2 protein chains.
Amino acid sequence: MRIVVADCSVIYTGRGDTRLPRAVRAIIVKDDGSISVHNDKSNKPLNYMGKGNELSEVELEDCKLWFFDTRQESLRITLHEVISDTDFLLDRNDEGLIRDGTEKQLQAWLAENPEALGEGYTFVQREYQTGAGAVDLLVTDPEGNPVAVEVKRVAMINSVSQTQRYVESMKEDPEFANTTGIIAALDIRPNTVKLADKKKIRCVTLPTWWRDPADTSM
Amino acid sequence: MRIVVADCSVIYTGRGDTRLPRAVRAIIVKDDGSISVHNDKSNKPLNYMGKGNELSEVELEDCKLWFFDTRQESLRITLHEVISDTDFLLDRNDEGLIRDGTEKQLQAWLAENPEALGEGYTFVQREYQTGAGAVDLLVTDPEGNPVAVEVKRVAMINSVSQTQRYVESMKEDPEFANTTGIIAALDIRPNTVKLADKKKIRCVTLPTWWRDPADTSM
DNA sequence: TGGTGCATTTCGCCC
DNA sequence: GGGCGAAGTGCACCA
């Protein structure tokens with residue numbers, strides 16, 4: 001990892017267009033070719049470009065130019081003055097984060113504990129494919145009718161349309177004509193409950209839940 | 001900006017739970033208290049915490065512990081061995097990015113050029129408030145009927161539900177009973193076009209467009 | 001302060 | 001490689 005502290009200005013063109021006026025910033029160039037320009041605020045870089053970029057350098061009279069170009073994007077850094085330039089050796093094969101408490105795990109737990117949706121609910125399938133994408137969970141209600149369950153950590157207003165989209169797509173199949181929808185989440189926003197109610201989608205707030213640390217099966 | 005390169009392991013608990021096994025990584029502590037842990041891949045930090053955190057340090061026999069705790073979250077870094085620890089002085093008042101080609105600008109341009117939606121379209125209002133959130137643009141079609149326009153740089157499948165939500169909400173008002181919807185974007189995904197078609201929402205692919213560099217009005 | 005939606009979102013999974 | 005949805009998303013804007 002190379003860190004260059006420099007008085008620099010930046011122009012990016014690609015998915016959008018941005019400019020950075022001249023200032024002293026830190027430029028981080030990583031082993032995989034990713035590059036990012038940081039100021040002393042926030043974790044997010046000001047400018048950046050993904051891995052696989054080749055650095056071209058042009059030395060001018062009073063400054064240095066760095067070009068990172070791909071077919072689609074272009075990042076140009078003007079280095080007016082380099083204050084420091086350091087290389088750090090990090091572990092090459094750092095596998096990265098081990099996550100826990102993800103939506104996938106919540107989904108798995110709910111598949112094992114469908115009674116959390118109410119008495120008489122029965123698990124049928126995870127990731128059930130509809131014409132409009134995969135429903136997190138397919139279950140049946142006490143009457144045996146199919147129910148599309150959208151699982152979320154936090155459910156917001158757009159979860160309602162999402163669930164509705166799945167239910168509608170399933171209803172097109174005569175066998176699933178009386179499908180209903182449920183939003184199951186650890187946290188459901190009040191406005192979301194209101195809209196879901198209007199759309200006849202049931203909201204189930206799940207109990208704060210945690211996975212058995214011994215269980216590695218995701 | 002302080003950069004510590006160290007053999008470290010990390011535990012985070014808060015919005016989710018993550019662990020990082022021991023490895024040599026770079027830890028960046030910024031002026032505003034934000035902290036991030038990086039490996040030598042990707043621009044995204046492995047672990048991080050936002051501004052306003054206080055670092056507590058505990059020195060143990062064979063390692064050092066760093067705690068960053070808020071009411072909701074907790075980040076604990078175990079420093080097994082510190083390889084380097086450097087301070088860099090960056091500009092304090094770096095104002096950050098100047099953006100161009102944003103959705104807001106596209107919206108402003110379309111407000112000025114409603115004929116891009118088709119002959120006879122007339123601009124009415126930007127950010128028109130409906131019961132389900134603000135529509136980017138309210139226009140009228142050649143027949144004088146209201147049209148809710150959702151502006152996107154890239155329109156994907158969820159833009160359809162979003163537009164539909166606005167249209168439905170507007171239709172509740174008798175005065176807007178015959179409202180229709182348009183998705184206007186630089187890039188509309190094929191599946192999105194298909195679903196929009198099914199939902200009677202018109203798709204308009206806008207020409208590649210760029211703002212007048214002299215125009216500073218957002 | 002909370003709700004809502006954009007983002008150069010990034011990232012991962014599945015087809 | 002494209003489509004799609006999650007993310008410890010971050011962030012700005014608005015009520």
Side-chain angles (χ1 to χ4, degrees), chain A residues 10-19 34 36-37 41-51 68 70 72-75 96-107 127 129-130 132-136 150-159 162 165-166 187 189-192 194-195 218, chain B residues 10-19 34 36-37 41-51 70 72-75 96-97 99-107 127 129-130 132-136 150-159 162 165-166 187 189-192 194-195 218:
Chain A
V10 186
I11 291 175
Y12 166 81
T13 308
R15 290 184 273 193
D17 296 271
T18 72
R19 293 171 281 140
S34 10
S36 51
V37 181
K41 297 169 193 162
S42 157
N43 292 309
K44 273 181 66 177
L46 295 163
N47 280 109
Y48 53 91
M49 248 166 99
K51 60 182 172 190
F68 298 82
T70 66
Q72 307 264 343
E73 298 174 283
S74 151
L75 184 71
L97 278 183
I98 299 161
R99 280 166 213 277
D100 215 334
T102 60
E103 186 191 296
K104 268 282 167 294
Q105 288 169 10
L106 190 54
Q107 186 197 104
E127 303 285 355
Q129 286 294 336
T130 77
V135 180
D136 288 330
E150 179 59 30
V151 181
K152 286 255 181 286
R153 286 187 307 109
V154 183
M156 289 189 298
I157 203 158
N158 57 320
S159 305
Q162 194 185 357
R165 187 155 49 86
Y166 295 143
D187 180 11
R189 297 272 186 268
N191 281 359
T192 306
K194 218 172 0 177
L195 184 62
M218 162 180 321
Chain B
V10 186
I11 291 174
Y12 165 82
T13 309
R15 291 187 271 191
D17 297 271
T18 72
R19 294 170 280 139
S34 13
S36 52
V37 181
K41 298 169 194 163
S42 156
N43 292 309
K44 275 182 65 177
L46 295 162
N47 279 109
Y48 53 90
M49 247 164 98
K51 62 183 171 191
T70 66
Q72 307 264 346
E73 299 175 281
S74 153
L75 184 71
L97 279 184
R99 278 165 216 279
D100 215 334
T102 61
E103 187 191 296
K104 268 282 166 295
Q105 288 169 10
L106 191 53
Q107 187 197 105
E127 302 285 354
Q129 286 294 336
T130 76
V135 180
D136 288 330
E150 178 60 29
V151 181
K152 286 257 181 285
R153 285 185 309 106
V154 184
M156 287 189 300
I157 202 157
N158 56 319
S159 304
Q162 194 185 355
R165 186 154 53 84
Y166 296 142
D187 179 13
R189 296 271 187 271
N191 281 357
T192 306
K194 217 169 8 176
L195 184 64
M218 163 185 325

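No experiment lies behind these values; they were computed from the predicted model shown.
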Strictly below 4.0 Å: does [X] bring a side-chain N or O up to OP1 or OP2 of [N]?
| X | N | answer |
| --- | --- | --- |
| B/Gln162 | C/dC6 | yes |
| B/Gln72 | D/dG8 | no |
| B/Lys104 | C/dC6 | no |
| B/Asn191 | D/dC4 | yes |
| B/Tyr166 | C/dT4 | no |
| A/Asn47 | C/dT8 | no |
| A/Arg165 | D/dG5 | yes |

- With a 3.5 Å cut-off and just heavy-atom distances, do the side chain of A/Asp17 and the base of C/dT8 make a donor-acceptor pair? no
- How far, in whole Å, is C/dA7 from C/dC11 if one measures between their C1' atoms? 14 Å
- Item | Pairwise C1' distance, D/dC11 and D/dA7 [rounded to whole Å] | 14 Å
- Task: Taking the side chain as every heavy atom from C-beta outward, state whether B/Gln162 and B/Lys152 have any pair of such atoms under 4.5 Å apart.
- Result: yes
- Heavy atoms, side chains only, cut-off 4.5 Å: are A/Gln105 and A/Asp100 in contact? yes
Contact class for [X] (heavy atom, under 4.0 Å): base, sugar-phosphate, or nothing?
| X | answer |
| --- | --- |
| A/Leu75 | nothing |
| B/Glu127 | nothing |
| B/Met156 | nothing |

- Pick the nucleotide of DNA chain C nearest each of A/Thr192 and A/Thr18; which residue has the one closer to the 5' end? A/Thr192
- If a protein heavy atom is under 4.0 Å from the base, mark B; if only from the sugar-phosphate, S; if neither, -; do that for nucleotides 10-15 of chain D going 5' to 3'. SS----
- Query: Who are the side chain to side chain donor-acceptor pair (under 3.5 Å) partners of A/Lys44, not counting sequence neighbours?
  - Reply: none
- Message: Run the side chain to side chain donor-acceptor pair (under 3.5 Å) test against A/Glu73 and tell me which residues pass, sequence neighbours left out.
- Response: A/Tyr12, A/Arg15
- Note on the structure: Ranking C/dT8, C/dC6, D/dC4 by distance to the side chain of B/Leu97, first place goes to C/dT8
